[in-house]
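Since the structure comes first, as structure tokens, the remarks are kept for the end.
As the structure is a prediction and not an experimental result, all values here were calculated from the model. A note on names: the letters A, B, ... follow the listed sequences, proteins ahead of strands, and every chain is numbered from 1.
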Protein chains: 2
Amino acid sequence: MPKVPQISEAEWEVMRVLWARAPQTANEVCAALADSTTWSPRTIKTLLNRLVNKGALKYKPQGRAYHYLPAVSESACVRAASRSFLKRVFGGALTPMLVHFLEEEKLSADEIAELRSMLDERRD
Amino acid sequence: MPKVPQISEAEWEVMRVLWARAPQTANEVCAALADSTTWSPRTIKTLLNRLVNKGALKYKPQGRAYHYLPAVSESACVRAASRSFLKRVFGGALTPMLVHFLEEEKLSADEIAELRSMLDERRD
DNA sequence: CATAAAATATTACATCTGTAATCAAAAGTC
DNA sequence: GACTTTTGATTACAGATGTAATATTTTATG
């Protein structure tokens, strides 16, 4: 199990950009976040820097600017964050957590079908 | 929708104790957390205090000591934390999140059956 | 009543986060 | 080559968090 760094809420936004497409320059990341956030480019540079420092991102000096890219996989980070959430909010109990989401949130017929087929595969 | 305060990881532990049984004195909360944590009673007192200040707990002066009790419901806090997690880690997409947990974590036959029956109820 | 014990309130302090501004270095322009 | 522009590095600063220690107030005890 790869040890992933602690990634804050704002940092997740940045990571998602780079997991979706990498490498990218700081400016490209800023452009990608321009719609979904109101952050100053300064702020985004700070986040990139912190993520590099905590080992979540790497970069390659590419001419004038850096090209940033993930140093940890999205799936590993998702796994770590999911476990942390499960432990924190549901005391680690998976089924109550799933029940919560199934009861609380809206699901389309298609989504229900997809989940049912996944459960079918699990039945062995 | 009741507005719930921001509850940190350590604070969740304390809240869970009081959601499970309330009211309780600080000492009773400390006793309840003695097994699952290594926190000093001082630390737990601090957490109780912060939770009162942020409106997550109330207390009744009961003789010599306070009796603490929740000021916000567990379900409201679970809902808020779940949405926050869903947004942060999965960009708000419910189904990928459920898929992740179904794929990643172990489920017993009973749990699978329970989830399937919940999905059955959803099919209307 | 004076003092000790117990409980709450206040203060401490380092790290993490959100949100930038300023500084420094590199590179292109005249 | 000096100056401006671009980009990364360093510094800033307040609020949240983890983790307590100290101070103060209330209560029981001798």
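For residues 84-96 of chain B, the salt bridge (charged side-chain N to carboxylate O under 4.0 Å, His left out) pairs, not counting sequence neighbours, are A:Glu9-B:Arg88. Residue pairs satisfying the salt bridge (charged side-chain N to carboxylate O under 4.0 Å, His left out) criterion with at least one member in residues 48-64 of chain B, sequence neighbours excluded, are listed as follows: B:Glu11-B:Lys54. For residues 15-27 of chain B, the set of pairs meeting the salt bridge (charged side-chain N to carboxylate O under 4.0 Å, His left out) definition, not counting sequence neighbours, comprises B:Glu13-B:Arg16.
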- Message: Return a single string for nucleotides 2-10 of chain D, one symbol per nucleotide in 5' to 3' order, where B is base contact, S is sugar-phosphate-only contact and - is none, cutoff 4.0 angstrom on heavy atoms.
- Response: -----SSSB

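A heavy atom closer than 4.0 Å to some atom of DNA chain D occurs in B:Gln6, B:Ser8, B:Glu9, B:Ala10, these being the qualifying members of residues 5-16 of chain B. Near DNA chain C, meaning a heavy atom under 4.0 Å from it, residues 32-40 of chain A has A:Trp39, A:Ser40 in order of number.
The nucleotide range of DNA chain C contacted by chain B, defined by atoms under 4.0 angstrom from heavy atoms of the protein and reported 5' to 3', is C:dA7 to C:dA12.
When the ring-ring contact (aromatic ring centres under 6.0 Å, His included) test is applied to B:His67, no partner is found at least two apart in sequence or on another chain. Remark: B:Trp19 pairs with B:Trp12 by the ring-ring contact (aromatic ring centres under 6.0 Å, His included) rule, at least two apart or across chains. By the side chain to side chain contact (heavy atoms under 4.5 Å, CB included) test, B:Ser75 pairs with B:Ser73, B:Arg79, sequence neighbours left out. Under the side chain to side chain contact (heavy atoms under 4.5 Å, CB included) criterion, B:Glu28 pairs with B:Gln24, B:Thr25, sequence neighbours left out.
For A:Glu104, the CD atom counts as densely surrounded, since its 6.0 Å shell holds more than 12 non-hydrogen atoms of other residues, nucleotides or ligands.
Comparing the helix axis at one end of the helix from C:dC1-D:dG30 to C:dC30-D:dG1 with that at the other, each defined from 5 consecutive pairs, gives an inter-axis angle of 30° (nearest 10°).
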